[in-house]
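Everything below concerns the one structure shown next.
Residues: numbered from 1 along the sequence shown.
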Amino acid sequence: MHGYSRLGTGRSNATPPSSPPSSPRFRHGRGKNSGGRATKQRMVERLVFMLVSAVFRRKGVLLFAPLLYISGMLLYMGSLGFDVVSLKNTVGVVVHKRTPPGSVYRSPQVFEKLWPFMEAENNGRANAKILYFGIMQLMMAWNSSVHQGWKPCVDKIISKTELPKSSGFLIIEANGGLNQQRLSICDAVAVAGLLNATLFIPIFHLNSVWRDSSKFGDIFDEDFFINALKSRVDVVKELPEEIRQRFDNNISNIVNLRVKAWSSPTHYLQKVLPKLVQMGVARIAPFSNRLAQAVPANVQSLRCLANYEALRFSEPIRMLAENMVDRMVKNSSQSGGKYVSVHLRFEEDMVAFSCCEYDGGEEEKREMDIARERSWRGKFRRRGRVIRPGANRVDGKCPLTPLEVGMMLRGMGFDNTTSVFVAAGKIYRAEKYMAPLKQMFPRLETKDTLATPEELAPFKGHSSRLAALDYTVCLHSEVFVTTQGGNFPHFLMGHRRYLYGGHAKTIKPDKRKLALLFDSPNIRWEDFRMQMQDMLRHSDHKGVEMKKPSGSLYTFPMPDCMCKQAEPRNENSNTTGLV
């Protein structure tokens with residue numbers, strides 16, 4: 001809907017009926033107090049002119065730079081953009097506020113326009129008896145020439161030496177969801193190695209958002225973890241009796257060494273190590289993001305070892321996840337056992353947190369206000385907090401709907417024979433929003449369709465264990481699609497790079513561009529498809545990417561955790577080396 005206001009409401013008696021409407025500028029100047037208004041306007045104009053002249057004479061133009069920048073941004077975002085439309089047979093104008101391109105959710109209208117063309121393509125292939133198009137597209141999704149031939153080489157990077165005498169026991173508390181806990185565990189291994197400490201199996205903090213009471217052994221294989229690290233870091237399940245008695249068998253009685261986020265190795269050596277040696281035990285809680293990204297190679301290698309080799313899921317999770325992958329492969333027989341996985345972040349809390357608007361009207365706004373207040377009490381009602389859904393959408397911050405994901409994939413060339421696995425929590429208004437995705441991809445699966453209710457029963461109420469099932473099925477897909485960021489896709493992209501020769505095999509859409517395309521109800525199918533295929537090629541190009549100094553090896557394992565495979569020395573050689 002467009003808001004409007006009327007400027008000028010009457011007709012001057014002096015104007016003949018046959019004359020055209022007078023200019024609004026002069027019309028407002030007529031009538032009572034018109035002379036006073038004109039005088040005031042001239043005074044204001046003179047004052048502004050004098051002020052600007054004074055500033056420029058004193059070469060103070062830089063003082064206006066921030067104001068000009070902000071004004072430009074506001075104009076770009078549409079905050080000050082208006083369409084002025086003259087009305088026939090009336091005196092005055094209607095001023096319509098112009099919404100900036102990409103700021104309104106119009107994807108259903110775009111889908112209505114493009115769906116016949118999607119159907120026509122499917123019918124055309126069927127009539128031409130073009131078989132196995134799905135496998136062709138999956139096979140061609142990634143350009144093999146982009147692959148750089150990277151191989152895991154943690155064993156080569158890590159030198160096997162006898163462990164020095166322990167400086168004491170390190171206790172950490174991991175908080176957050178599955179992959180936030182994973183990050184804390186791997187950083188704890190690195191810090192324990194740095195301090196020559198014995199690591200106590202990490203404690204999982206009960207998070208108010210995730211509400212998962214699982215312990216380390218419920219999610220990860222403890223014995224495998226301990227054995228995989230034994231040559232570098234000593235890990236124990238229990239503290240010695242002497243330490244337990246000293247603190248009355250209560251770990252919370254141990255002094256908590258508060259460590260700032262992204263602390264350097266030097267901080268740990270200078271501040272934490274002396275207290276660890278003195279007390280024989282040190283506790284750090286919380287331990288999320290408590291180690292800097294840039295650390296020495298020997299410390300970085302411990303992160304590699306922990307994340308990519310030592311951490312594997314517990315047997316109950318692993319067994320069911322492997323069965324789910326097998327079932328997904330069987331269901332994808334028409335595409336050679338290959339499938340697409342999508343991490344879909346369209347749960348109610350994600351939609352609420354994004355402060356984006358869709359097509360639910362007032363009821364949606366009311367539900368989102370309730371959800372925000374329930375999970376983030378008062379955070380979005382603080383004084384000065386401005387929520388601008390349109391600006392969020394233009395900036396690519398809105399979660400993609402299932403409909404938008406489906407249109408994107410169809411535009412990239414994945415047809416209705418493609419098997420798709422959706423990793424997600426409880427989708428907001430699932431019956432409404434999932435319907436078009438299922439319409440575009442009938443071979444759609446979730447953990448609830450791949451596993452029986454009896455198989456899932458032990459995992460219900462444990463979000464991290466359910467996320468581990470999703471993680472495994474996504475890890476083994478031919479194509480992974482990330483839609484909203486977060487730890488889940490970041491860790492998954494790194495893990496996929498580690499397994500697939502350095503290539504993430506991940507579609508990471510340009511959501512700013514998508515916002516513009518999905519706000520174009522008249523877009524032609526050929527143009528939309530071309531834009532989507534360009535986006536797929538860009539994701540392919542960015543699939544192999546080296547870690548930058550400030551980057552995370554959990555997303556970019558090269559070159560810290562992987563080595564580039566050398567080219568064969570001659571044509572008859574079948575051997576390659578690692579460099």
Check against side-chain hydrogen bond (donor to acceptor under 3.5 Å, both in side chains), Ser477 and Arg496 = CA-CA 9 Å; Ser477 64; Arg496 289 170 65 84; 3.3 Å; yes
Using only the SG atoms, decide whether Cys561 and Cys153 are less than 2.5 Å apart.
-> no
For the residue pair Tyr358 and Phe346, is the inter-centroid distance of their aromatic rings smaller than 6.0 Å?
-> yes
Aromatic ring centroids of Tyr498 and Tyr308 under 6.0 Å?
-> yes
Note: Arg283-Glu173 ion pair, threshold 4.0 Å (strictly below) = yes
Any salt bridge between Arg381 and Asp369, counting N to O under 4.0 Å?
-> no
More than 12 foreign heavy atoms under 6.0 Å from CE of Met546: is that the case here?
-> yes
Phe488 six-ring face occupied by Arg345 cation (under 6.0 Å, within 45°) = no
Flag, side chain of Thr483 to backbone of His343, donor-acceptor distance under 3.5 Å | yes
Distance-only polar pair, side chains of Tyr105 and Glu404, donor-acceptor under 3.5 Å = no
Drop me the distance from Lys447's NZ to Glu455's CD, to the nearest 0.5 angstrom.
-> 14.0 Å
Distance-only polar pair, side chains of His495 and Asn307, donor-acceptor under 3.5 Å = no
Might you confirm whether atom CZ of Arg377 has over 12 heavy atoms from other residues, nucleotides or ligands at distances under 6.0 Å?
-> no
Give the minimum heavy-atom separation between Arg303 and Cys186, together with the two atoms involved.
-> CG-O, 4.1 Å
